[in-house]
Colleague: 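Here it is, the structure, as structure tokens.
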Amino acid sequence: MTTDFKSQLPIIDISPLLVKCDDSDMAEDAGVAEVVGKLDRACRDVGFFYVIGHGISEDLINKVRVVTHQFFELPYEEKLKIKITPSVGFRGYQRIGVNFTSGKQDMHEAIDCYREFKQGKYGDTGKVLEGTNQWPENPKEYKELMEEYIKQCTDLSRNILRGISLALGGSPYEFEGKMVGDPFWVMRIIGYPGVHVNNQENDIGCGAHTDYGLLTLINQDYDKTALQVRDLAGNWIPAIPIPGSLICNIGDMLKILTNGVYESTLHRVINNSPRYRVCVAFFYETNFDAEVEPLDIFKEKYPLKETSQVVKRVVYGEHLVSKVQTTFANLVEKTVN
Ligand SMILES: N=C(N)NCCCC[C@H](N)C(=O)O
Ligand SMILES: O=C(O)CCC(=O)C(=O)O
Ligand SMILES: [Fe+2]
């Protein structure tokens, strides 16, 4: 569970895990064991950590943010060409103020993308998100670059989860079968305006929330600190950027699968810098139709207190869709009326 982590989020070099992550006996490797121990501590105490040695080139990480800045700098009419609506599965561009968190407007604009899937594959629940991702035509290389980035983030997330699986006392593959054999993913490409000259402080860029899936990988600008993570004592700890790193955090599904042993930690964003900030957040999730409940193996290893189950079972797709509908309640109402 989340305790006070006063100063800084942990930093984990996962390269020893990546070297061995395709060997079924990886657990016996001393380097892997060390990484696994660090992952366990970080996931129990904080739910947030910096990942270094992750194998995604700094060049790609930086390019993803450079083209994102270029997109958000375009005139509004240009961005609206890929506007988000319920009829396109909530995929595309949303202007500042469209996204709500806990009933309040967020000060950010974004492009939302989801894994694409065949019509009807996930029944009525899935219908809400059916559609094709809308990529900007400008900058030209956007789609290709983002698709490569998504591919690399997917592989990296699977490999981090192998380490987490070992940390929880399972085989490396607990998160690859029925639950996560066909992982869903979400990507949010986000822009936060800088603070105005006369104001000292900006509005909330994104209100306090937890993420919905298994793991999130955050790629943020290096030159401003805006993401804040909450510890149990209620302090907001700034996630100061470390160039070349990705921030990884635990989502609601991993909390449930681990019976609450790992926490999905609250976080929020306030950009008090005068400059515009971008963040590209990749969310690695379970199968869309997975019925998520504590995995037996972890229930046995961590029978929490006297209660055997402390978290509720959910169907991931239903959890996601209900969050999307609350976040974009305004869009939904407009279409109905
Ligand atoms: N996929 C994720 N995590 N998106 C987070 C977006 C911000 C929070 C959202 N408006 C909410 O109310 O949950
Ligand atoms: O902008 C950030 O650093 C984080 C964004 C975030 O938490 C989210 O989109 O879920
Ligand atoms: Fe988040």
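We count ligands from 1, going down the list as the structure has it; atoms in each ligand are counted the same way. Numbering starts at 1 and runs along the sequence shown.
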Colleague: Do Gln105 and Asn99 have side-chain N/O donor and acceptor atoms under 3.5 Å apart?
Modeller: no
Colleague: Quick one, Pro294 and Ile256 - any side-chain contact, counting heavy atoms below 4.5 Å?
Modeller: yes
Colleague: Quick check on contacts: which atoms of ligand 2 are under 4.0 angstrom from a heavy atom of Arg188?
Modeller: 9 (O)
Colleague: Can you report which non-hydrogen protein atom sits closest to atom 2 (C) of ligand 2, along with the distance?
Modeller: Cys279 SG, 3.4 Å
Colleague: Are a donor atom and an acceptor atom from the side chains of Ser273 and Tyr192 found within less than 3.5 Å of each other?
Modeller: no
Colleague: Just which atoms of ligand 2 are under 4.0 Å from any heavy atom in Phe283?
Modeller: 8 (C), 9 (O), 10 (O)
Colleague: Going by heavy atoms in the side chains, are Phe175 and Leu254 under 4.5 Å from each other?
Modeller: yes
Colleague: Keeping waters out of it, list the protein N, O or S atoms under 2.8 Å from the Fe ion (ligand 3).
Modeller: His209 NE2, Asp211 OD1, His267 NE2
Colleague: Where does Asp211 meet ligand 2, judged by heavy-atom distances below 4.0 Å: at the side chain, the backbone, both, or neither?
Modeller: side chain
Colleague: Anything with a heavy atom under 4.0 Å from ligand 1 counts, so go ahead and list those protein residues by chain and number.
Modeller: Asn99, Phe100, Thr101, Arg188, Cys206, His209, Asp211, Tyr212, Phe283, Thr327
Colleague: Is there side-chain contact between Lys38 and Val35, with heavy atoms separated by less than 4.5 Å?
Modeller: no
Colleague: Select one of side chain, backbone, both or neither to describe which atoms of Thr216 lie under 4.0 Å from any atom of ligand 2, heavy atoms only.
Modeller: neither
Colleague: Is a donor from one side chain sitting under 3.5 angstrom from an acceptor on the other, for Arg188 and His108?
Modeller: yes
Colleague: If the cut-off is 4.0 Å to any non-hydrogen atom of His267, which atoms of ligand 2 fall inside it?
Modeller: 7 (O)
Colleague: Could you list which atoms of ligand 2 come closer than 4.0 Å to a heavy atom of Ile190?
Modeller: 5 (C), 9 (O)
Colleague: Here's one to test your reading of the geometry: is the NZ or CZ of Arg65 within 45 degrees of the ring axis of Tyr222 and under 6.0 Å from its centre?
Modeller: yes
Colleague: Nearest non-hydrogen atom to atom 3 (O) of ligand 2 belongs to which of Gln220, Met187, His209, Arg277?
Modeller: Arg277
Colleague: Just by distance, no angles: are the side chains of Asp13 and Ser15 close enough, under 3.5 Å, to form a donor-acceptor pair?
Modeller: yes
Colleague: If we ignore angles and hydrogens, is there a donor and acceptor under 3.5 Å between the side chains of Gln134 and Arg91?
Modeller: no
Colleague: So which heavy atom in the protein is nearest atom 4 (C) of ligand 2, and how far is it from that ligand atom?
Modeller: Val269 CG2, 3.8 Å
Colleague: Without hydrogens or angle criteria, can the side chains of Tyr93 and Glu109 be said to hold a donor-acceptor pair below 3.5 Å?
Modeller: yes
Colleague: Before we go on, tell me: are the rings of Tyr122 and Phe117 under 6.0 Å apart, centre to centre?
Modeller: yes
Colleague: Atoms of ligand 2 less than 4.0 Å from Tyr192 heavy atoms?
Modeller: 1 (O), 2 (C), 5 (C)
Colleague: Is the closest side-chain donor-acceptor distance between Asn159 and His54 under 3.5 Å?
Modeller: no
Colleague: Does Ile189 form a side chain to side chain contact (heavy atoms under 4.5 Å, CB included) with Phe71? I'd like the steps, not just the answer.
Modeller: CA-CA 10 Å; Ile189 296 159; Phe71 172 76; 5.9 Å; no
Colleague: If the threshold is 4.0 Å, N to carboxylate O, is there a salt bridge linking Asp22 and Arg162?
Modeller: yes
